[in-house]
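Working notes for the structure below.
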Amino acid sequence: MALTEDQIAFQDAARSFAEAEMVPHAAQWDAEKIFPVDTLRQAAELGFAGIYVAEAHGGSALSRLDAAIIFEELAAGCTSTAAYISIHNMATWMIDRFGDDEVRARFVPDLCTMNHFASYCLTEPGSGSDAASLKTKAVRDGDHYVINGSKAFISGGGRADVYVCMVRTGDEGPGGVTCIAVEKDTPGLSFGAQERKMGWNSQPTAMVLFDDCRVPVANRIGAEGEGFRIAMAGLDGGRINIGACSIGAARACLERTIDYVKDRKQFGQRIADFQNTQFKLADMATELEAARMMIRGAAAKLDDGAPDRTQACAMAKRFATDVGFEVCNDALQLHGGYGYLMDHPIERYLRDCRVHQILEGTNEIMRVVISRKLLAD
């Protein structure tokens, strides 16, 4: 799939930014658990905070394919930070796409500059893969909803300014779910302790807690009962983005590994000269290119509104995140003991990539989405 001149320009801009502003700091962000606000806002200045948000309120109005190209480059710089930018884009797009004029004007401009940060709140302690069983309840009280419940594993939790939340306003099941934006200083909103994680350390993660949290009805995104549909629409793009982030991490590991095996010698020769190494690198590059093509193909289907876009996004996410982790793991193996050390970035890319097989719908749930479509009457 040949890139257009514009897409090559986006790619070059994202790569230059990642190499200059992310790569030199990524290890420190990981080790010290730093949320790099200034760097994120620099990314926003390039249009990366509202990539596929409409121009009316500051978005870049690019395509999902453009976004996939950009996220691959950003993730090659710092996978954890790129993944947060992906989540922020998803939440911002949901407000822009499904909110009314007033709510868009109120929230979207500050999100597109990253003056404000966004979080996506669907998962709960008791509802992960079974997202439609969520229990967080919102009861209408005049011009407000009173929300009680909790959300788990929320990227940006405790640090974000806007929480795009799926809450239950009606009966059990997906039809009873509504989407609402909750602002950080709302009375009754609080946060759990920061989670201690294997990776993704440059973004905060915490539970989001609601205790008689009063949120204006004016903050609702879409109509009552449309929340689950909105959440799933957001996830189609989120799955493309996170797959692209896996590809970026894996590509960075492959590039570093090629340099390493050309330099490292054992048994009197470069390990690059062993056929086993050559075949492993060939497989890594082939799998990585196949994953890239799947991600970009699914992104194009999402842009075109193709009938099978949700299935294509699930397929691409499942394949790309599995391949991404496997390539990072193979890169670590080829580095031997050095790959296991924090002096080298390979182990960090691997740790940051692992969660991509879990979030935005586990890869097991991706198989459910795919097979359900295949077996539909």
Side-chain angles (χ1 to χ4, degrees), residues 1-26 36 38-94 96-97 108-109 111-114 117-118 234 236-252 254-255 288-289 291-305 309 312-313 316-317 320 324 356 360:
M1 183 182 294
L3 302 185
T4 67
E5 288 185 9
D6 284 346
Q7 287 168 339
I8 292 170
F10 304 146
Q11 184 182 54
D12 288 345
R15 182 172 297 187
S16 296
F17 177 80
E19 290 176 350
E21 305 298 339
M22 300 173 86
V23 171
H25 309 293
D38 291 342
T39 303
L40 289 167
R41 288 176 176 158
Q42 285 179 292
E45 290 175 4
L46 295 174
F48 297 158
I51 297 172
Y52 41 87
V53 171
E55 291 179 323
H57 298 297
S60 297
L62 301 181
S63 70
R64 302 308 182 101
L65 177 54
D66 299 333
I69 294 164
I70 290 166
F71 280 118
E72 177 180 338
E73 299 302 329
L74 296 179
C78 178
T79 307
S80 169
T81 305
Y84 175 73
I85 297 172
S86 164
I87 294 164
H88 175 92
N89 268 267
M90 178 172 65
T92 302
W93 174 81
M94 289 166 64
D96 185 63
R97 172 64 180 80
V108 174
L111 293 173
C112 285
T113 62
M114 282 189 161
F117 296 104
D236 277 346
R239 288 165 182 164
I240 294 296
N241 295 347
I242 212 64
C245 286
S246 290
I247 292 166
R251 192 196 79 211
L254 178 59
E255 291 171 350
L288 187 55
E289 183 63 16
R292 181 181 290 114
M293 291 301 100
M294 284 196 73
I295 285 292
R296 292 182 181 178
K301 287 193 173 190
L302 193 56
D303 285 326
D304 294 341
R309 61 190 181 276
C313 291
K317 190 268 183 184
H356 297 182
E360 314 291 37

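Just so you know, these numbers come straight off a predicted model, no measurement behind them. Along the sequence shown, residues carry numbers from 1.
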Minimum heavy-atom separation for T113 and R41, please, with both atom names. O-CG, 4.0 Å
Taken to the nearest 0.5 Å, the spacing of E360 CD from D236 CG works out to 10.5 Å
Does F10 form a side chain to side chain contact (heavy atoms under 4.5 Å, CB included) with L3? I'd like the steps, not just the answer. CA-CA 10 Å; F10 304 146; L3 302 185; over 6 Å; no
Do you know which two heavy atoms are closest between S86 and G238, and how far apart they sit? OG-O, 4.4 Å
When rounded to the nearest 0.5 Å, the distance separating OG of S60 from CG of D66 is 9.5 Å
Evaluate side chain to side chain contact (heavy atoms under 4.5 Å, CB included) for K317 paired with I240, printing each intermediate quantity in order. CA-CA 6 Å; K317 190 268 183 184; I240 294 296; over 6 Å; no
With a 4.5 Å cut-off on side-chain heavy atoms, are C112 and V108 touching? yes
Heavy atoms, side chains only, cut-off 4.5 Å: are L62 and Y52 in contact? no
Nearest-0.5 Å distance, CG of residue L288 to CE of residue M293: 9.5 Å
Are the side chain of R239 and the backbone N or O of C313 linked by a donor-acceptor pair below 3.5 Å? no
Within the side chain of N241, is there an N or O that forms a donor-acceptor pair under 3.5 Å with the backbone of F71? no
Ignoring hydrogens, what is the shortest heavy-atom contact between K301 and A312? Give both atom names and the distance. CD-CB, 3.8 Å
About how many Å separate CE of M114 and CG of D38, when rounded to the nearest 0.5 Å? 12.5 Å
May I ask you to decide if T4's main-chain N or O and Q7's side chain share a donor-acceptor pair within less than 3.5 Å? yes
For the atom pair CD1 (I69) and CD1 (I8), what is the distance rounded to the nearest 0.5 Å? 9.0 Å
Using side-chain heavy atoms (C-beta onward) and a distance below 4.5 Å, is I70 in contact with Q11? no
Please determine whether a side-chain nitrogen of the Lys or Arg among E289 and R251 lies less than 4.0 Å from a carboxylate oxygen of the Asp or Glu. no
Is the backbone N or O of R64 less than 3.5 Å from a side-chain atom of D303, with the two atoms forming a donor-acceptor pair by type? yes
Shortest non-hydrogen contact between A252 and A76, atoms and distance: CB-O, 3.8 Å
Taking every non-hydrogen atom, the tightest pair across A49 and A44: CB-CB, 3.7 Å
Got H88 and T92 here, is their nearest side-chain heavy-atom distance under 4.5 Å? yes
Could you tell me if the side chain of L74 sits less than 4.5 Å from the side chain of T81, heavy atoms only? no
Do we see a donor-acceptor contact under 3.5 Å between the side chains of N89 and Y84? no
With a 4.5 Å heavy-atom cut-off, do F117 and L40 have their side chains touching? yes
Decide yes or no for H356 and C245: does some side-chain heavy atom of the first lie under 4.5 Å from some side-chain heavy atom of the second? yes
Are any of the side-chain nitrogens in E72 or R296 under 4.0 Å away from the carboxylate oxygens of its partner? yes
Which atom pair, heavy atoms only, marks the closest approach of A244 to A68? CB-O, 3.4 Å
